[in-house]
Amino acid sequence: MTRKADGPGARQGPRRSLLWLMWLLLALYLTGLLLDTDGFSPVENFWLGVPAAWAPAAVAGLAAYRAKSHRSLALVAMALAAFAAGSTIYVSALAGATSLPFPSPADIGYLLFYPLALSGLFVYLLPLRQRLARSVLLDAVVGSLGAASVLVVLLSPLLAAAGGFSSLATAVAAAYPLLDLILLAVTAGMAAVPGLATGRSGATLMLGLMVFSAADVVYVYRLATDTYYLGTPLDAGWTAGLCLIATWADGFARQEERAQGASEGSWTPAVPLAATAAGLGVLVVGTGVEIPELAVGLAAATLVSAGIRTQMAFRQLVTLAEVRRQSRTDELTGLPNRRALYADAPAVLKARQGNPCAFLLLDADRFKEINDSLGHDVGDRLLIQVSERLRRCLRPGDLIARLGGDEFAILHLDAGEEEAIRFADRLRAALSEPLTLRGIALQVGVSVGIAMSPEQGEDLKTLLRKADTAMYRAKSSRSGRHVYASEDNSPGEERLRMLQELRAALVEEELVLHYQPKVDVLTGEPKGVEALVRWNHPRHGLLWPGSFLLLAEESGLMNALNDRVLTLALDQATVWHLQGRPMTVAANLSASSLIDAELPGRIAGMLTKRGLPASVLMVEITEDFMMPDRVRARDILAGLQASGIRVAIDDFGTGYSSLAYLRDLPINELKLDRSFIVSMTEDPRAAALVASTINLAHSLGLTVVAEGVEDGDALDQLGRYGCDQAQGFHILRPVPPAELDDWFSTSPLDSGLSSA
């Protein structure tokens, strides 16, 4: 006996056949109406029109059956069925009569469509309100009110022609344009919600509602002017709108079966701006032309809502400006921090156009002894005084930053090697003057490493690495300062041996991947995994990335390493898909590998070879990818997204952190660095940065993932801030695939990925 097929794939045949049949019936119906212009015809209006009206209801009904947890689809299917029933009654009655009384039994089905469809939309949109910022919800309100004010003006002749609600006939006649007004206003509000207007599924739904309403408005207008008759292409307008709505229902059900989230998109202010302009235009027109009072009221409400939204946006900008200032400033000393240096130094170096400058890295000698013997409060006060003395030694235009601990960096402009050495000696002399703390006179010695630009490097990353090498040479030689030289970086025997072993590891399959799950913060549902590379070294055992990534970068092996990681990750994703456990796998790509313009096509080919959808892969890049060339970054990321591959910014908050590239670059996900998360529960400033960043990301339509969640308190706090997903040791450490499979089978968090 053959086992019955199970899972989503088993239902693809009937679903696709019914979908194609629906569009075929619409095409035949429209063709018949275009060819036969003699009015009512049983062939076009009954034998083609009635099946074409029922087909969308059947598609939506099947979608509701497949997605049993979505009541919204059931309500939409009932709405389509009610309209199809009304059409059947209407056409059947006309087959034996020249006219029908108004209202007729068919109007019951037609009118039922509206409350059922609106109820379905309400149930569909209700969960989104918990994920959207208040500003986005207010944008939707502004869009709805603005659209309604314009529609009242445009539909006022139809409302007037209907004659109000003096009788049942006039009440029914007036109900159609009023219900169309509500439906179109709701559609305009949906267009302001991130992801609905730009996502394919949401756009199909809104297009269907607009086509249906447009056909309804034209119908009521012709009815009022006594120019409507059955058998024109207008009759296919309602059916076309219903087919689009049914297509949305089918796509929404498929998303649930594939464990995919709602469609994503980028937020734009176009809808609220257009709605505000429309409301203002209605009020201006009302000063010279008589318009309905309802339109005036809706236009005024639009402007009031827009004013509230503007005030909210202004407060957000002020908050973001303060958050940005705090994120660039060292809390203890008030100096710029590492983030500010990474943001400002590249532009300064580029503007120098080859003019000499020196990059100095300073590290206090024996600072740990002062901290341990006198306490951290004394150490903090010492660092404050050190920063003040360093600041007084700078020239206009020089950059200074505290990198962390007792380490400072200075970019000294217009300085050759001799001037850089004199400047380093001046800094050491300024710090050597005794500092009195707790009645004790302390002298601070510093070791200074110097790297010269452009001779030894023109980018910040290179200068920082070489200055760090020179600083350790100054410490070891106790010379106080040292200028980087090529012999400082000569590889030793061990480095050469490790390099040769790394080359062999790429061929002999010594590299392995461990996986760490990402779960929904509120429900605990697994949303995907991050792939993390490890090296099964024959001599040293299992090595973490920090032991060999820099070596791969410096030796030009990073592209080969990235290709190997992608191969392993996609092979494992294929295994999971065959097991009925589809999930998104995130893989890290280095900055050096992302200068390859052929990368998007190569990754797309790897997916196609394995028969995997592009949505199975997410690439994670760090912020320093954007530093050298934002134009190239945008092109590479756009190429990846064009293939359907999603992009995440990893370790957000530790590098460039520019708000501009969040706006300009096509990214889908923001991963908050663990340094914010681990201190969030005890540090109000860190908590404020986390909350503000989450709100900012959501307003841009991005998913937010918190890294380094190590306890339940942090997870609960992230839930209150509205964070989407989390990963960390509290959930599960990175583990091999077999252990991850066991975790999915036994963990109470598993709620969807373990079954097809």
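Note that the numbering runs from 1 along the sequence shown for the chain.
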Exercise for the section: For Tyr515, check ring pair (Phe, Tyr, Trp, His ring centres under 6.0 Å) against everything at least two apart and list the hits. Expected result: Trp576
Handout entry: salt bridge (charged side-chain N to carboxylate O under 4.0 Å, His left out) involving Arg422 - partner list, sequence neighbours excluded
Key = Glu419
Problem - Thr574 and Leu612, any side-chain heavy atoms less than 4.5 Å apart - result: yes
Problem - All salt bridge (charged side-chain N to carboxylate O under 4.0 Å, His left out) counterparts of Arg328, not counting sequence neighbours - result: Asp344
Exercise for the section: Verify, without hydrogens or angle tests, whether Arg428 (side chain) and Val446 (backbone) share a donor-acceptor contact under 3.5 angstrom. Expected result: yes
Handout entry: Residues forming a side chain to side chain donor-acceptor pair (under 3.5 Å) with Ser453, sequence neighbours excluded
Key = none
Fill in the blank from the handout: Residues at least two apart in sequence or cross-chain that pass side-chain contact (heavy atoms from CB on, under 4.5 Å) with Arg685, listed by chain then number, are Gln326, Glu331, Asp683
Problem - Note: Lys518-Glu525 ion pair, threshold 4.0 Å (strictly below) - result: no
Exercise for the section: Indicate yes or no: at least one non-hydrogen side-chain atom of Asn588 is less than 4.5 angstrom from one of Asn562. Expected result: no
Handout entry: 4.5 Å side-chain heavy-atom contact, Phe408 and Leu335
Key = yes
Fill in the blank from the handout: Residue set satisfying side chain to side chain donor-acceptor pair (under 3.5 Å) with Thr567, at least two apart, ordered chain then number -> none
Problem - Any Leu431 side-chain heavy atom under 4.5 Å of Val386 side chain - result: yes
Problem - Gln725 and Val519, any side-chain heavy atoms less than 4.5 Å apart - result: no
Exercise for the section: Please determine, by modelled atom types, if Thr333 and Asp330 share a side-chain donor-acceptor pair under 3.5 angstrom. Expected result: yes
Problem - With sequence neighbours excluded, residues passing side chain to side chain donor-acceptor pair (under 3.5 Å) with Gln572 - result: none
Exercise for the section: Check Thr584, Ile645, Leu607 against Val616 for a side-chain contact (heavy atoms from CB on, under 4.5 Å) and give me the one that passes. Expected result: Leu607
Exercise for the section: Classify the side-chain pair Gln727/Gln516 by whether it contains a donor and acceptor separated by less than 3.5 Å. Expected result: yes
Practice task
Apply side chain to side chain donor-acceptor pair (under 3.5 Å) to Arg426 and list each qualifying residue two or more places apart in sequence or on a separate chain.
Solution key: none
Problem - With sequence neighbours excluded, residues passing side-chain contact (heavy atoms from CB on, under 4.5 Å) with Leu568 - result: Leu513, Arg564
Exercise for the section: Please list, chain by chain and in numerical order, all residues satisfying side-chain contact (heavy atoms from CB on, under 4.5 Å) with Gln717, sequence neighbours excluded. Expected result: Met680, Thr681, Ala687, Arg720, Tyr721
Problem - Close side-chain approach of Leu361 to Leu403, heavy-atom, < 4.5 Å - result: yes
Handout entry: Heavy atoms from other residues, nucleotides or ligands near CD of Glu710 exceed 12 (cutoff 6.0 Å)
Key = yes
Handout entry: Side chain to side chain, Phe359 and Met452, heavy atoms closer than 4.5 Å
Key = no
Exercise for the section: Using the test side-chain contact (heavy atoms from CB on, under 4.5 Å), find all partners of His537 that sit at least two apart in sequence or belong to another chain. Expected result: Met498, Glu501, Trp535, Arg539, His540, Leu543
Practice task
Please list, chain by chain and in numerical order, all residues satisfying salt bridge (charged side-chain N to carboxylate O under 4.0 Å, His left out) with Glu707, sequence neighbours excluded.
Solution key: Lys671
